[in-house]
Q: 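Take this structure first; my questions come after.
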Amino acid sequence: MTDRRSLAAGNWKMNGTAAALSELDALIAAHGDTRSELLLCPPHTLVERMARAADGSALGVGGQDCHWEETGAHTGDVSAAMLKDAGATHVILGHSERRADHAETDRMVRDKCDAAWAAGLTAIVCVGETLAERESSNTLQIIRGQIAGSLPDQATGHNLVIAYEPVWAIGTGKVPTTDEIGEVHSDIRSTLERRFGAGVAKSVRILYGGSVKPDNASEIFAVENVDGALVGGASLKAADFGGIVRALDGA
Ligand code: PGA
């Protein structure tokens, strides 16, 4: 591992009501002295309660999306400042489910990123190819395009985290080979270097996401340029997420 602090981020997606917060106590108790940074991104309705429950612990809280505008007539949306006000420190942007279900474009993701930074949030920007794109050998080109279009110019190692999530690996139990993960992560690092310079490129964490589980985590974390994981299904239970955190601490 490098001097980048590894990050285990959980994405609860549209799962969890107040009862699910009981998972936090177990997670916090078991990982109070973790080397890695821990983050959970619950649905917006739980951000404030989770942030209160996690206050003073090793666990940070993030949102799963925000609007690109600060306020206004956008029924059903939340702004970055609202997430910050509720206790969030991070926000996931451009997840493939949002790109697919809500027709989010790179341009929108870029504008959301600007909004997140203006509010003082760290953006976790997701990129990843579909199965058809991988099978037609277009993976690197697609990811480079998403990075070019989705990131504003002011990226730093503090305000930006990239999550590489192959769309076909999300929630499917299918995972790319470690060589495939390594190839994409190293290409993302070089793409960041060309755009933002070596200093920024070296400091931005690049997470892998897509069917990360306790039993495949160590292998994935051993890959060069993998600085942690964005975890969906396995972040819902403290025991599973905890297994991933242990693998990351040991990497
Ligand atoms: P998964 O989801 O771990 O359930 O595959 C990952 C994600 O979508 O962030």
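No experiment lies behind these values; they were computed from the predicted model shown. Counting starts at 1 for both ligands and their atoms, following the listed order.
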Q: Which of the atoms of ligand 1 are close to His95, meaning less than 4.0 Å from one of its heavy atoms?
A: 7 (C), 8 (O), 9 (O)
Q: Parallel, tilted or perpendicular, judged at 30° and 60°: which one describes the rings of Trp68 and His74?
A: tilted
Q: Whether the Trp168 and Glu129 side chains hold a donor-acceptor pair (N or O, under 3.5 Å, no angle test) is what I'd like checked.
A: yes
Q: Go through ligand 1 atom by atom and flag the ones less than 4.0 Å from a non-hydrogen atom of Gly210.
A: 5 (O)
Q: Going only through I, L, V, M, F, W and Y residues with side-chain contacts under 4.5 Å, is there a path from Leu236 to Leu59?
A: yes
Q: Counting non-hydrogen protein atoms only, what is the nearest one to atom 4 (O) of ligand 1? Give residue, atom name and distance.
A: Gly233 N, 2.8 Å
Q: Which heavy atom of Arg4 sits nearest a heavy atom of Val204, and at what distance?
A: CD-O, 3.5 Å
Q: Return a yes/no value for Glu97: is any of its N or O atoms, backbone included, closer than 3.5 angstrom to an N or O of ligand 1?
A: no
Q: Less than 4.0 Å is my threshold; does some heavy atom of Gly171 fall inside it relative to ligand 1?
A: yes
Q: About how many Å separate CD of Gln64 and NE2 of His90, when rounded to the nearest 0.5 Å?
A: 14.5 Å
Q: Write out the residue and atom name of the closest protein heavy atom to atom 3 (O) of ligand 1, then the distance separating them to 0.1 Å.
A: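 Of every protein heavy atom, Gly232 N, 2.8 Å lies nearest to atom 3 (O) of ligand 1.
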Q: At the 4.0 Å heavy-atom cut-off, does Lys213 count as touching ligand 1?
A: no
Q: In terms of hydrophobic clustering (I, L, V, M, F, W, Y; side-chain heavy atoms under 4.5 Å; direct or indirect links), are Tyr208 and Leu38 co-clustered?
A: yes
Q: For ligand 1 and Ser211, I'd like to know whether there is a polar contact (N/O to N/O, distance under 3.5 Å).
A: yes
Q: Nearest protein heavy atom to atom 9 (O) of ligand 1, by residue and atom, and its distance?
A: Glu165 OE2, 2.6 Å
Q: Is it the side chain (CB and beyond), the backbone, both or neither of Asn11 that lies under 4.0 Å from ligand 1, heavy atoms counted?
A: side chain
Q: Considering residues, nucleotides and ligands other than Arg52, do more than 12 of their heavy atoms fall under 6.0 Å from its CZ?
A: no
